[in-house]
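Encoded as structure tokens, the structure appears first; notes follow it.
This one's a predicted model, so the numbers in the text were calculated from it and none came from an experiment.
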Amino acid sequence: MADSVNRLRADLVDLAAQRAEIREADRTNLQAIRAAALRTMAAGLGPAQVAELCGINASTVKRWRSEARAAARQ
């Protein structure tokens, strides 16, 4: 019984570590998508078109654009 509990505990720890790695990869991927979206809009595509290409919400793309503009003003 104790062995199976310890195995389950170890599995849970492994899964939690994998989840952390996946989250970090997702963050990195999202940063890359954001950068590409901003470059694409700078080249002339609108937020709705960029959102469609990325498969994300247009309001997210608009927020990214607003944040980039605000950062550029500072």
Would you say Gln49's side chain and Gly46's backbone share a donor-acceptor pair under 3.5 angstrom? yes
Thr60 side, atom OG1; Arg65 side, atom CZ - distance, nearest 0.5 Å: 12.5 Å
Value rounded to 0.5 Å, distance of CG in Leu45 from CD in Glu52: 9.5 Å
Under the criterion side chain to side chain contact (heavy atoms under 4.5 Å, CB included), I'd like the reasoning laid out for Arg27 against Leu30: C-alpha separation, chi angles, the key distance, then a yes or no. CA-CA 5 Å; Arg27 254 191 300 273; Leu30 186 59; 5.8 Å; no
Result for side-chain contact (heavy atoms from CB on, under 4.5 Å) between Val61 and one of Leu38, Thr40, Val50 points to Val50
Just how far is it from atom CG of Leu8 to atom CG of Leu15, taken to the nearest 0.5 Å? 10.5 Å
Taking Ala2's backbone N and O only, do any of them form a donor-acceptor pair with Asn6's side chain (distance below 3.5 Å, no angle check)? yes
How far apart are the closest heavy atoms of Ala48 and Ala58, and which atoms are they? CA-CB, 4.4 Å
Roughly how far apart are Trp64 CH2 and Ser59 OG, rounded to 0.5 Å? 10.5 Å
Please list, chain by chain and in numerical order, all residues satisfying salt bridge (charged side-chain N to carboxylate O under 4.0 Å, His left out) with Glu67, sequence neighbours excluded. Arg34, Arg63
Side chain to side chain contact (heavy atoms under 4.5 Å, CB included) for Asp3 and Arg7? Distances and angles first, verdict last. CA-CA 6 Å; Asp3 286 341; Arg7 268 186 266 126; 3.8 Å; yes
